[in-house]
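These notes are about the structure you will find just below.
Residue indices begin at 1 and follow the sequence shown.
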Amino acid sequence: MYVADSRGTPAPAVTPESPAVAPGTSPGRRAALAPTVLALGTVSLITDVSSEMVTAVLPLYLVAGLGLSPLGFGLLDGLYNGVSALVRLTGGHLGDRLGRHKALAGIGYGLSALCKPLLLLAHTLPAIGAVLALDRTGKGLRTAPRDALISLSAAPADRGRAFGVHRAMDTAGALIGPILAFLILRGAADGYDAVFTVSACVAALGVLVLVLFVPGRRTTAAPGAEPVSLRASVGLLRRRDLRRISLCALLLGLCTVSDGFVFLLLQRATGIADRWFALLPLGTAAAFFLLALPLGRLADRIGRRRVFLGGHLALLLLYGLLLVSGQHPALPYAVLLLHGGFYAATDGVLMAAAAGTVPEEHRGAGLALVQTGQALARFAASLGFGAVWTVWGPRPALAVAAGLLAVAAALCVRLRPGADA
């Protein structure tokens, strides 16, 4: 859909050296997205089928199958996100330093694919924690180089749309994954093992598509640009706009309840049977899929900061519904719609905003700084939420999260990044 203009003539790809408006494209007509964006979207689609098969059943497998407490699940879920944060800077920096964003992304995808069959052998908390840590290491290595490739392939005015298209394709995989997990759990005698086996095969396919179809062009710094070094990468936070975006992502991440907890809270509030639990991420993914591109385009038009903060307003409404709606039959639909809308308004939009605050030669490291702060904040949020749930119960924990989110959003409103955000 996005590789040709309205007359069906192929449009030139937008590269880091290209102007904001692609040659041959009139200023009033939107340029076609680069093939790199679509190829990476396909890789993410396939990989998310694999990942979401596991994610859809993991909370139930750990809490109901292995008998972990909410605090134990919070530790693992925090680890799932926190380890990723520790290696994102490495992936972003090495991608910039070597000029090999595709190679770093490939290593990350490969590590995550390797972890899927290892889940078949892990049946204790330490073993599962080690496998999840390795999986998140792979995710950490690949995320910043992949997003750098997307931002470098899109015109500045179209970055929200480019990330929206990528996230929509990524989320199409998140739609398929839970359905496959649900069907496997219903039809297989050893349901969890079967889910992990199929997930491993699909992950390997994603790595193959990356190797064969994503261009591997080497990037180099512009003449006179600051040399790529670890000191220069960390020093990017001296840039006012990047620092403010990072601070906002960190504050709001500290108040973000993880997906697994949202689904467990929704199940407790509505009494959804265990056999339907794996389908809950499907509702979130469907809303994300439908809204990612429209909200990406909206962010390009009215400002990415506004859309990003609007996504957290949707999350605050979600918390409120879980606190007050009880057994209302519309609750699952409203919660999952808001959950998907939250991701559509924040995930790619945040990267599109951050990309405009750092130079091309430091793009991977700059995006990794923002992602790292957000991931570490969500790691802390998972630990804190699990601890409060264990001591005082789910409703007090959610009430605390809602109050903190309202305060954090109010603080972020006062932060004023530059016009590109």
Is there a donor-acceptor contact under 3.5 Å linking the side chains of Arg142 and Ser112?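 Arg142 vs Ser112: donor-acceptor pair found between side chains.
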Before giving the answer on side-chain contact (heavy atoms from CB on, under 4.5 Å), spell out for Leu405 and Tyr319 the whole-Å C-alpha distance, their side-chain angles and the decisive distance to 0.1 Å. CA-CA 10 Å; Leu405 179 58; Tyr319 292 170; 3.7 Å; yes
Dump the intermediate steps for side-chain contact (heavy atoms from CB on, under 4.5 Å) on Phe263 and Leu336, then the final yes or no. CA-CA 9 Å; Phe263 299 141; Leu336 296 177; 3.9 Å; yes
With rounding to the nearest 0.5 angstrom, report the [atom1] to [atom2] distance, [X] to [Y].
{"X": "Arg304", "Y": "Ile245", "atom1": "CZ", "atom2": "CD1", "answer": "9.5 Å"}
{"X": "Leu40", "Y": "Leu45", "atom1": "CG", "atom2": "CG", "answer": "12.5 Å"}
{"X": "Leu291", "Y": "Leu298", "atom1": "CG", "atom2": "CG", "answer": "11.0 Å"}
{"X": "Thr137", "Y": "Leu111", "atom1": "OG1", "atom2": "CG", "answer": "7.0 Å"}
{"X": "Arg268", "Y": "Leu266", "atom1": "CZ", "atom2": "CG", "answer": "12.0 Å"}
{"X": "Arg243", "Y": "Arg238", "atom1": "CZ", "atom2": "CZ", "answer": "10.0 Å"}

Restricting to pairs with a member in residues 282-296, which pass side-chain hydrogen bond (donor to acceptor under 3.5 Å, both in side chains), not counting sequence neighbours? Thr284-His339
Which pairs count as side-chain hydrogen bond (donor to acceptor under 3.5 Å, both in side chains) when at least one residue sits in residues 344-355, sequence neighbours excluded?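 Non-adjacent pairs meeting side-chain hydrogen bond (donor to acceptor under 3.5 Å, both in side chains): Arg167-Asp347.
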Does any part of the side chain of [Y], heavy atoms only, come nearer than 4.5 Å to the side chain of [X], both counted from C-beta?
{"X": "Leu337", "Y": "Tyr333", "answer": "no"}
{"X": "His166", "Y": "Ser44", "answer": "yes"}
{"X": "Lys116", "Y": "Ser51", "answer": "yes"}
{"X": "Met351", "Y": "Arg159", "answer": "no"}
{"X": "Phe163", "Y": "Leu293", "answer": "no"}
{"X": "Cys412", "Y": "Leu309", "answer": "yes"}
{"X": "Tyr109", "Y": "Val43", "answer": "yes"}
{"X": "Leu252", "Y": "Phe308", "answer": "yes"}

Donor-acceptor contacts under 3.5 Å from residues 199-206 side chains, at least two apart:
{"residue": "Ser199", "atom": "OG", "partner": "Ser50", "partner atom": "O", "Å": "2.8"}
{"residue": "Ser199", "atom": "OG", "partner": "Ser50", "partner atom": "OG", "Å": "2.8"}

Using every non-hydrogen atom in the two residues, find where [X] and [Y] come nearest and quote the distance to one decimal.
{"X": "Val57", "Y": "Ala181", "result": "CG1-CB, 4.0 Å"}
{"X": "Ala162", "Y": "Ile150", "result": "CB-CG2, 4.2 Å"}
{"X": "Leu398", "Y": "Phe385", "result": "N-CE1, 3.6 Å"}
{"X": "Leu141", "Y": "Val87", "result": "N-CG2, 4.0 Å"}
{"X": "Leu318", "Y": "Val335", "result": "CD1-O, 3.5 Å"}
{"X": "Leu175", "Y": "Ala285", "result": "CD2-C, 3.6 Å"}

Measure from the side-chain N and O atoms of [X] to the backbone N and O of [Y], and report whether any donor-acceptor pair falls under 3.5 Å.
{"X": "Asp96", "Y": "Ala365", "value": "yes"}
{"X": "Lys102", "Y": "Val214", "value": "yes"}
{"X": "Gln374", "Y": "Ala249", "value": "no"}
{"X": "Thr357", "Y": "Ala353", "value": "no"}
{"X": "Arg88", "Y": "Leu369", "value": "no"}

Note: Asp300-Arg297 ion pair, threshold 4.0 Å (strictly below): no
Mind checking what makes side chain to side chain contact (heavy atoms under 4.5 Å, CB included) contact with [X], not counting sequence neighbours?
{"X": "Leu180", "result": "Val49, Met53, Ile176"}
{"X": "Glu52", "result": "Asp48, Thr55, Ala174, Pro178"}
{"X": "Ala314", "result": "Leu338"}

Show the numbers, then the answer: is there a salt bridge (charged side-chain N to carboxylate O under 4.0 Å, His left out) between Asp241 and Arg244? CA-CA 5 Å; Asp241 288 344; Arg244 290 188 172 189; over 6 Å; no
Any chance you could lay out the side-chain contact (heavy atoms from CB on, under 4.5 Å) test for Leu376 and Leu250, step after step, and finish with the verdict? CA-CA 8 Å; Leu376 287 175; Leu250 188 149; over 6 Å; no
From CA spacing to verdict: side-chain hydrogen bond (donor to acceptor under 3.5 Å, both in side chains), Arg363, Ser151: CA-CA 8 Å; Arg363 187 64 51 80; Ser151 70; 3.1 Å; yes
Between Tyr343 and Phe288, how do the two ring planes meet: parallel, tilted or perpendicular, split at 30° and 60°?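 Tyr343 and Phe288: parallel rings.
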Trace of the side-chain contact (heavy atoms from CB on, under 4.5 Å) decision for Trp389 with Val257: CA-CA 12 Å; Trp389 182 334; Val257 175; over 6 Å; no
